Novice: 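Here's a structure for you.
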Amino acid sequence: MTTQNLLVELFVEELPPKALQKLGDAFATVLGDQLKALGLASAASVVTPFASPRRLAAHVTAVADKAADKAVQQKLMPVTVGLDKDGNATPALLKKLQALGADVSNPAAAVAALKRAQDGKAEALFYDSVVPGATLQAGLQKALDEAIAKLPIPKVMSYQLETDCELPGWTSVNFVRPAHGLVALHGSTVVPVKALGLTAGNSTQGHRFEAAVSPVVLADADSYAATLQKDGAVIASFSERKAEIARQLAAAAAQVGNGARPIEDEALLDEVTALVERPNVVICQFEEQFLGVPQECLILTMKANQKYFPLLDAAGKLTNKFLVVSNISPEDTSFVTGGNERVVRPRLADAKFFFDQDRKKTLASRVEGLSKVVYHNKLGTQGERVERVRAIAKSIAQQLGDAQLVADADQAALLAKTDLVTDMVGEFPELQGIMGGYYALNDGLGETVAHAIEDHYKPRFAGDALPRNTAGVVVALADKLETLVGMFGIGNLPTGDRDPFALRRHALGVIRMLVEKDLPLNLNALLAGAVPAFGDKITDASVQLADFIYDRLAGSLREQGYSAQEVDAVLALRPQRLALVQKQLAAVRAFAALPEAPALAAANKRVGNILKKAEVEGPVDAHVNPALLQEQAEKDLFAALQRFVPEANAQFDAGDYTASLQTLAVLRAPVDAFFDDVMVNAEQLDLRLNRQGLLKSLHEAMNRVADLSRLAA
């Protein structure tokens with residue numbers, strides 16, 4: 001058995017750029033995994049993916065021409081079924097052996113070759129055989145079929161291929177794009193596998209316009225990338241092509257000077273990498289008059305429509321220069337530069353026209369138009385939604401500030417959605433909020449209201465900035481709460497794979513604002529306070545929504561490094577001030593490190609179970625009559641509670657949760673003694689109720705910061 005490196009390439013028409021990297025990685029990964037599973041490649045074999053606009057390929061090191069034979073032991077049947085009373089093979093056994101390819105011409109010899117071993121309570125017959133290892137051609141064919149079948153294709157195309165046989169005809173092929181070539185090289189030897197109506201060879205095609213030769217002939221598997229670059233003018237590796245584009249962008253920006261830098265956009269860089277086979281970055285420019293348009297509009301039109309990289313100056317302001325990643329490298333680039341400048345000019349002119357037209361009407365004059373825009377068939381129009389957001393925002397603002405905050409938040413909430421009916425946002429929906437801020441400044445509304453309008457969608461994604469001012473926080477909270485309460489109220493909940501109204505993102509946004517802005521707001525009151533704004537359009541799903549928000553909070557805290565036990569202990573109490581949760585978690589972590597913690601957590605769990613059973617008969621009152629304390633252990637526990645609980649409560653009320661729990665750690669000894677010496681469920685009713693009351697007092701004192709029973713092993 002010899003090993004050589006393997007190269008497989010599918011040459012196709014232009015692949016969907018946003019899916020290219022995923023397609024390339026999946027093709028190489030599945031191909032490599034299948035070869036390893038078949039024993040043709042080892043765990044040490046290195047799989048390298050290649051993906052360009054017109055090809056998917058994989059290079060796999062140390063691939064054998066034939067997999068090793070494998071010894072297999074197969075259970076046949078119980079001895080009582082396979083052999084008769086004389087030890088001879090039954091017809092059932094002979095039939096089974098024959099199906100496995102064993103020689104049954106001499107039944108006695110066939111039986112003698114079998115192994116007998118205990119299988120549970122019965123003895124069974126086992127057949128040893130050797131399965132021949134897969135040949136490279138057969139194994140690669142299977143691996144290639146599997147790699148193609150498992151490609152994460154966004155949308156399948158169906159096309160016709162002429163059949164390669166004596167009778168002319170056509171056959172249908174389904175793939176992401178029409179395939180025109182297949183390469184399979186084991187070292188320098190062609191492996192004649194087939195796929196998509198193609199038979200593998202050793203040649204491919206290079207760049208559409210700049211390849212030195214056609215076809216590009218590959219000498220062996222290892223020369224694939226170098227030969228394609230030299231003869232085909234193609235950088236086959238996605239990662240190498242991306243790095244080359246990034247290098248050229250930086251070099252071109254340095255050539256422009258004055259601290260210019262290309263806009264950072266990883267998704268755009270990936271998409272452009274998937275559009276070119278050999279990148280060539282050129283510098284272009286547009287007329288400075290367009291810089292009077294908000295830069296977000298110009299940047300978006302250049303990125304989204306043309307896949308250009310706008311250049312920013314050292315202060316982060318847009319310049320009139322931009323970078324184009326071309327797929328051709330002519331000696332004279334003036335045609336490339338001029339063509340792209342001509343193409344972008346009408347786009348920028350459109351943006352300027354929309355901006356100029358929109359400013360002719362105030363935002364306030366557009367409010368009425370929102371009543372004609374449907375928000376949701378069960379929740380009414382955007383106009384109705386605006387009134388709900390205003391009501392929720394007013395309630396929040398009254399809790400957080402003075403009359404000025406209430407007025408600013410109300411005006412921002414009234415106008416926040418009006419840019420949805422502007423020409424600019426109609427063309428570029430991604431600019432909603434941003435354009436509202438610009439138009440608010442144009443209307444003379446001041447920065448406070450303008451920033452609140454612009455920021456009311458924030459945070460839009462993980463890591464996004466929060467609103468800049470309190471009015472913006474109020475309107476953003478109100479907007480997200482309106483969506484959450486409304487959607488839960490009509491039963492429009494997210495599922496495992498679908499969340500069309502981004503309710504998970506809205507919930508995380510609410511959490512971030514409550515926590516990072518340290519807002520003194522009660523979560524249950526916030527949710528309940530938003531319900532009346534809907535009238536009879538919804539049912540109150542505040543309890544279910546609160547659970548949803550706590551689930552999102554739990555996931556977020558675990559991602560921050562807190563253990564599931566710590567998070568569970570704190571959130572079990574459903575804390576209403578989310579801004580205090582991190583302090584509670586820190587206190588729980590410090591408490592868990594104390595030597596007394598395991599015993600107190602276990603005792604707390606025991607107390608909880610006792611009280612749960614006792615409360616079946618009725619609520620347990622946290623009241624203790626000292627005259628009914630008989631055992632020394634219960635007297636000592638009561639004395640300890642009297643001495644230390646007031647101190648712990650004072651520390652809790654002062655926000656020092658860590659000190660509060662550490663103060664209560666001294667209760668370990670009296671709690672242990674109580675459970676050793678005292679019968680809680682005494683036959684005498686007044687004694688039993690008094691002892692239950694003592695435990696209730698203990699339970700309430702111990703669980704103000706967190707449910708410590710959740711820390712028990």
Side-chain angles (χ1 to χ4, degrees), residues 1-11 23-51 55-76 96-104 110 113-115 117 125-152 175 179 181-204 218-225 236-237:
M1 182 178 71
T2 59
T3 64
Q4 295 189 76
N5 296 341
L6 176 74
L7 183 283
V8 178
E9 184 208 66
L10 262 176
F11 178 73
L23 289 170
D25 290 344
F27 180 76
T29 299
V30 175
L31 190 79
D33 288 347
Q34 288 294 311
L35 291 173
K36 290 174 183 178
L38 292 166
L40 290 164
S42 71
S45 295
V46 178
V47 181
T48 305
F50 295 94
R55 71 199 77 239
L56 301 174
H59 181 273
V60 188
T61 62
V63 176
D65 53 5
K66 182 180 181 300
D69 296 342
K70 189 183 293 184
V72 176
Q73 186 176 79
Q74 188 171 348
K75 178 186 170 184
L76 299 178
K96 181 73 172 177
L97 288 170
Q98 198 167 14
L100 292 171
D103 182 6
V104 294
L114 299 178
K115 288 186 178 177
L125 296 170
F126 292 85
Y127 174 67
D128 287 340
S129 62
V130 175
V131 177
T135 63
L136 177 59
Q137 181 174 348
L140 179 57
Q141 184 67 63
K142 182 180 179 185
L144 181 58
D145 291 343
E146 193 76 6
I148 291 172
K150 289 188 174 178
L151 278 178
F175 194 52
L182 178 63
V183 174
L185 287 172
H186 187 231
S188 58
T189 304
V190 172
V191 185
V193 291
K194 298 178 183 290
L196 306 173
L198 304 165
T199 301
N202 66 344
S203 65
T204 185
L218 304 169
D220 54 47
D222 292 343
S223 63
Y224 174 70
S237 166

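Just so we're clear, the structure is a prediction, and the values are computed from it rather than from any experiment.
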Novice: Do the non-hydrogen side-chain atoms of Val190 and Leu185 ever get within less than 4.5 Å of each other?
Specialist: yes
Novice: Is the backbone of Ala62 close enough, under 3.5 Å, to the side chain of Asn5 for a donor and an acceptor to pair up by distance?
Specialist: yes
Novice: Of all residues at least two apart in sequence or in a different chain, which pass the ring pair (Phe, Tyr, Trp, His ring centres under 6.0 Å) check with Phe27?
Specialist: none
Novice: Specify the closest pair of heavy atoms between Gly24 and Pro49, including all atoms of both residues, with the distance to one decimal.
Specialist: O-CB, 3.8 Å
Novice: Just how far is it from atom CG of Asp220 to atom NE2 of His186, taken to the nearest 0.5 Å?
Specialist: 12.0 Å
Novice: Provide the closest heavy-atom pair for Phe50 versus Ala225 in the form atom of the first, atom of the second, distance.
Specialist: CE2-CB, 4.0 Å
Novice: Between NZ of Lys142 and CG of Leu31, what distance do you get to the nearest 0.5 Å?
Specialist: 13.0 Å
Novice: Nearest 0.5 Å, what's the CD1-CG distance between Ile148 and Leu196?
Specialist: 4.5 Å
Novice: Report yes if the side chains of Val63 and Leu140 come closer than 4.5 Å at any heavy-atom pair, otherwise no.
Specialist: no
Novice: In Å and rounded to the nearest 0.5 Å, what is the CG to OG distance from Asp33 to Ser45?
Specialist: 11.0 Å
Novice: Less than 4.5 Å apart, any side-chain heavy atom of Leu10 and any of Leu182?
Specialist: yes
Novice: Write out all pairs satisfying side chain to side chain donor-acceptor pair (under 3.5 Å) with one or both partners inside residues 126-138, taking only residues at least two apart or from two chains.
Specialist: Gln73-Asp128, Lys115-Asp128
Novice: To the nearest 0.5 Å, how far apart are CG in Asp222 and NE2 in His59?
Specialist: 4.0 Å
Novice: Where is the tightest heavy-atom contact between Gln34 and Ala143, given as atom of each residue plus distance?
Specialist: CB-CB, 3.5 Å
Novice: Find out whether Leu56 and Leu151 are in side-chain contact, i.e. whether some heavy atom of one side chain is under 4.5 Å from a heavy atom of the other.
Specialist: yes
Novice: Which residues satisfy the side-chain contact (heavy atoms from CB on, under 4.5 Å) test with Ser203, sequence neighbours excluded?
Specialist: Pro215, Val217
Novice: If you look at every heavy atom in Ala147 and Val30, which pair is closest and at what distance?
Specialist: CA-CG1, 3.6 Å
Novice: Using every non-hydrogen atom in the two residues, find where Leu40 and Ala134 come nearest and quote the distance to one decimal.
Specialist: CD2-O, 3.5 Å
Novice: Side-chain contact test, heavy atoms from C-beta onward, threshold under 4.5 Å: evaluate it for Leu114 versus Leu97 and give yes or no.
Specialist: yes
Novice: Write down the atom of Gln4, the atom of Ser188, and the distance for their closest heavy-atom approach.
Specialist: OE1-N, 4.4 Å
Novice: Please round to the nearest 0.5 Å and tell me the distance separating atom CG of Asp65 and atom CG of Leu6.
Specialist: 11.5 Å
